[in-house]
Colleague: 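Would you mind keeping the following structure in view while I ask a few things?
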Amino acid sequence: MLRNASAILPLVRVAALVKQIPEFEHMKLGADGRLERAGLPLEMSAYDRRAVAKGVELAASSHGHCTVITLGPPSAEDVLREAIAFGADEGVHISDLAFAGSDTLATARALAAAIDLMGPFDLVLVGRNSVDADTGQVGPEIAELLDLPFATGVKQIEVRDGVARVGLELDDEWVDASVKLPAVLSTAERLIDPCKIKDPTVWASVDSARIRRLTAADLGAGPWGQAGSPTRVGETRAEIVDRVGMRPVGTVTEQVARAVEFLKDRGAFLPGATGEFDEQVATSQGDQTLVAVIAEPDRPRLVRELLGGAARLAHQLEGLVAVIGPDVDDVASLASWGADVVFAVPGAEIEEDMAHAVAGWASVHEPAVVVTGSTAWGREVASRVAAAIGAGLTGDAVGLTVEGGRLVAWKPAFGGTMVAAITASSRVQMATVRPGVLPLLHPRGGSVAARHVDRVAPRGRVVVHGRRREDDIDALANAEIVIGVGMGVDPAEYSKLAELQRMLGAELAATRKVTDKGWMPHARQVGITGHAISPRLYLALGTSGKYNHTVGVRSAGTIVAVNPDPDAPVFAFADVGIVGDWREVVAELVRQLGPLVG
Ligand SMILES: Cc1cc2nc3c(=O)[nH]c(=O)nc-3n(C[C@H](O)[C@H](O)[C@H](O)COP(=O)(O)OP(=O)(O)OC[C@H]3O[C@@H](n4cnc5c(N)ncnc54)[C@H](O)[C@@H]3O)c2cc1C
């Protein structure tokens, strides 16, 4: 057979990991206030579709092979069939009642065991996260368990000479890196056109012999399922947000006047409060209980939020706050933000090196709680630490509380339609926390922190060649007023938003269609595959209001939507709906708000 031009690649053996999830935009609340999942159509998680497509492409162009692996109930075989029909060589279905109740670590252990059994593989491709649970933990946990390097948000990839050269789309930056193979890589949204075959008759036509079935016994002694899961899901509550649904009538001027009056009455223009340290917290002198913050380099605002949150937890646990990071030289600031003791690990900028340093530190100091941000960096570091020390880890928490002396991390799921109280049964309890959800406390005075230094030698399996910050996640995460821009706003006219933005101190956000066009950076995307934000006021201009976008602003205090189409779905998600052209509405808002906000 003739080898085509791209076949000069070395043979690449790929394992693509997929998860079957409910099509949760169809989910409804039951009479008991819980979400009804039964009977919902099931599908392959969105990012996993890219992992399969890329795996198939890399395998085909290198005469390698692509094995698709899933862990799930009998129905999950459908996603393997879809992947095989798309071009994957074989499927592996891990299915056994013993896996029931698996958290991310137990899932990662089972998948890692299957990869070991079915390998060797050069590349393990995973979705950046599953869109139902959104932890992004399974990939880096597998990497830790198999002692492999990991990179997330892969948007470009070239495999050559045992190295993957990758372009990574992270929270608010673009990173060029090399990753030594074998490796685990997670896919960004636009890596490749997704594997998508909607017709179930095509899935049914796939020969069953191409799917290997594995039970717990095939994978070893475990512990599997709930027994191997250090996290527990407690109380869950649906996040019901009632929108006012006001639809003023009349001319644009009249509609805007009603809207402004409504917003004024609601206090939507008043600045939010910033928290204070509790006096006792500021002088806390506890016993050995440590609440630790892993400090990501070059994210001072996030570190400050986390330290304030940690100080409040430490107060309740009668403990101290430790901060550990490669870049923690400004001890005075760290102390004023809440740190009692500082552990510097210079040289540990790369996630796997940082995780190794934290795991070693944790085994000596045995902190009760370890938290970091749910950025790409924080998710990898925390997942690796959790896998290394067997700690229960909650991903992307939006609140931290203490009950009975134990940490409760509140985690949104299904795009924020519900939140669950997650606890850890392990000695060390871990959580990654969404940027912007913890209040920024006023600096406390007179605090001094002790500093210890332990230099780290990088492993060198991941080499960063360049880093370009396109934006700042903190800006959007912490914005009190956000103007969300959709396809109805021509980028040539963005300058028309400047005056309103200035008056309100607003940040801009965008729909996926807008970021796909490159009109705004990906970091500004709000929605199921973008950010979830909770500003006091969200002004949606020229967005149709598709679920995948609006779910990212469910927690906004007040939503105002502007669209010339009176039937646009966005009005169903808004407190106030103005029917009109955004240009006219913005000009009118500037005119009417002038005397109010200056
Ligand atoms: C797996 C998956 C994940 C996704 N994740 C996300 C996500 O994270 N975030 C996200 O946003 N989307 C996401 N999407 C895409 C989402 O489903 C929608 O396609 C997208 O949000 C629509 O963007 P839009 O509202 O800007 O564009 P459109 O749907 O094209 O709507 C444009 C709107 O502008 C209005 N308009 C036109 N002219 C004017 C004017 N002069 N003044 C005012 N209004 C005007 C129109 O009436 C129309 O309603 C995802 C989709 C999938 C399948």
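No hydrogens, no waters, no symmetry mates; every other heavy atom, side chains included, goes into these values. As the structure lists them, so they are numbered: ligands from 1, and atoms in each ligand from 1.
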Colleague: Need the ligand 1 atom indices (1-based, order shown) with element for anything under 4.0 Å from a heavy-atom of G486.
Modeller: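 Within the 4.0 Å cut-off of G486, ligand 1 contributes 26 (O).
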Colleague: Nearest protein heavy-atom contact for atom 52 (C) of ligand 1: which residue, which atom, what distance?
Modeller: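 Answer for atom 52 (C) of ligand 1: N548 ND2, 3.4 Å.
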Colleague: Look at atom 7 (C) of ligand 1 and say which protein heavy atom is nearest, naming residue and atom and giving the distance to 0.1 Å.
Modeller: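 Sorting protein heavy atoms by distance from atom 7 (C) of ligand 1 puts Q525 NE2, 3.2 Å first.
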Colleague: Heavy atoms only: which of V526, V485, T529, T511 is nearest to atom 9 (N) of ligand 1?
Modeller: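 Ranked by closest heavy atom to atom 9 (N) of ligand 1, first place is V526.
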Colleague: Looking at E82 and I197, would you say the former's side chain and the latter's main chain have a donor-acceptor pair under 3.5 Å?
Modeller: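 Judged by distance alone, yes, a pair lies under 3.5 Å.
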Colleague: In terms of residue, atom name and distance, what is the protein heavy atom nearest to atom 40 (C) of ligand 1?
Modeller: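 Of the protein heavy atoms, W582 CD1, 3.5 Å lies nearest.
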Colleague: Looking only at heavy atoms, is any part of K546 under 4.0 Å from ligand 1, and if so is it the side chain, the backbone, or both, or is it neither?
Modeller: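 The part of K546 near ligand 1 is the side chain, not the backbone.
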Colleague: Sequence neighbours left out, what passes side-chain hydrogen bond (donor to acceptor under 3.5 Å, both in side chains) with W410? Give chain and number order.
Modeller: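 Testing W410 for side-chain hydrogen bond (donor to acceptor under 3.5 Å, both in side chains), a comparison that skips the adjacent residues, returns T401.
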Colleague: Nearest heavy-atom pair of F269 and V260: which atoms, and what distance?
Modeller: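 What the structure gives for the nearest pair is CE1-O, 4.4 Å.
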Colleague: From the options N563, D565, V551, select the one whose nearest heavy atom is closest to atom 46 (C) of ligand 1.
Modeller: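 Checking each option, the heavy atom nearest atom 46 (C) of ligand 1 is found in N563.
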Colleague: Does a side chain donor of either R266 or T558 reach within less than 3.5 Å of an acceptor in the other side chain?
Modeller: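 There is such a pair between these side chains.
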Colleague: What's the shortest distance from atom 29 (O) of ligand 1 to any protein heavy atom, and which residue and atom give it?
Modeller: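 Checking every protein heavy atom, the shortest distance to atom 29 (O) of ligand 1 gives S544 OG, 2.6 Å.
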Colleague: Any carboxylate oxygen within less than 4.0 angstrom of a Lys/Arg side-chain nitrogen, looking at E169 and R190?
Modeller: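 No.
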Colleague: For M487 and ligand 1, does the shortest N/O to N/O distance drop below 3.5 Å?
Modeller: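 Looking only at distances, the answer is yes, because the N/O contact criterion of under 3.5 Å is met.
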Colleague: For D575, is there any backbone N or O sitting under 3.5 Å from a side-chain donor or acceptor partner on R243?
Modeller: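 No, because the side chain of R243 does not come within donor-acceptor range (under 3.5 Å) of the backbone of D575.
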Colleague: Indicate, as side chain, backbone, both or neither, the part of V489 found under 4.0 angstrom from ligand 1 when only non-hydrogen atoms are considered.
Modeller: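 No part of V489 comes within reach of ligand 1.
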Colleague: Does one side chain, of S186 or T152, offer a donor that lies under 3.5 Å from an acceptor on the other?
Modeller: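 There is such a pair (donor and acceptor under 3.5 Å, judged by atom type) between the side chains of S186 and T152.
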Colleague: For atom 30 (O) of ligand 1, find the nearest protein heavy atom and state the residue, atom name and distance (0.1 Å precision).
Modeller: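 The closest heavy atom on the protein side is K513 NZ, 3.0 Å.
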Colleague: How far is atom 12 (N) of ligand 1 from the closest protein heavy atom, and which atom is that?
Modeller: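 The answer is R512 CB, 3.3 Å.
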Colleague: Applying a strict 4.0 Å limit to heavy atoms, is D581 in contact with ligand 1?
Modeller: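 So D581 counts as touching ligand 1.
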Colleague: Under a 4.0 angstrom heavy-atom cut-off, which atoms of ligand 1 come close to T543?
Modeller: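 Answer for ligand 1: 25 (O), 33 (C).
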Colleague: Can a side-chain donor-acceptor contact be found between T529 and E189 if the only test is distance below 3.5 angstrom?
Modeller: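 There is such a pair between these side chains.
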Colleague: Using heavy atoms and a threshold below 4.0 Å, how should the contact between A46 and ligand 1 be classified: side chain, backbone, both, or neither?
Modeller: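 Answer for A46: side chain.
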Colleague: Between H65 and F121, what is the ring plane arrangement, given parallel below 30°, perpendicular above 60°, and tilted in between?
Modeller: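 Correct class here is perpendicular.
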Colleague: Of the protein's non-hydrogen atoms, which lies at the shortest distance from atom 43 (C) of ligand 1, and what is that distance?
Modeller: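 Atom 43 (C) of ligand 1 sits closest to the protein heavy atom P564 CD, 3.3 Å.
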Colleague: Looking only at protein heavy atoms, identify the closest one to atom 37 (C) of ligand 1 and say how far it is in Å.
Modeller: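 That would be G488 CA, 3.6 Å.
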Colleague: Heavy-atom contacts with G527 under 4.0 Å: which atoms of ligand 1 show up? List them by number with element.
Modeller: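 Ligand 1 atoms under the 4.0 Å threshold to G527: 7 (C), 8 (O), 9 (N).
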Colleague: Regarding N548 and R512, do their side chains bring together a donor and an acceptor under 3.5 Å, going by distance alone?
Modeller: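 No, because no side-chain N or O of N548 sits under 3.5 Å from a partner of the opposite role on R512.
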Colleague: Using modelled atom types only, decide if a donor and an acceptor are shared between the side chain of R165 and the backbone of E158 within a distance under 3.5 Å.
Modeller: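 No.
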Colleague: Does a side chain donor of either E296 or T372 reach within less than 3.5 Å of an acceptor in the other side chain?
Modeller: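 The answer is no; no qualifying pair exists.
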Colleague: Heavy-atom contacts with R583 under 4.0 Å: which atoms of ligand 1 show up? List them by number with element.
Modeller: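 Atoms satisfying the 4.0 Å criterion: 41 (N).
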Colleague: Is the shortest N/O to N/O distance between G530 and ligand 1 below 3.5 Å?
Modeller: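 Looking only at distances, the answer is yes, because the N/O contact criterion of under 3.5 Å is met.
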Colleague: For I528, counting its heavy atoms only, list the atoms of ligand 1 lying under 4.0 Å from any of them.
Modeller: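 Answer for ligand 1: 3 (C), 4 (C), 5 (N), 7 (C), 8 (O).
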Colleague: Regarding Q525 and T515, do their side chains bring together a donor and an acceptor under 3.5 Å, going by distance alone?
Modeller: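 Yes, a side-chain donor-acceptor pair sits under 3.5 Å.
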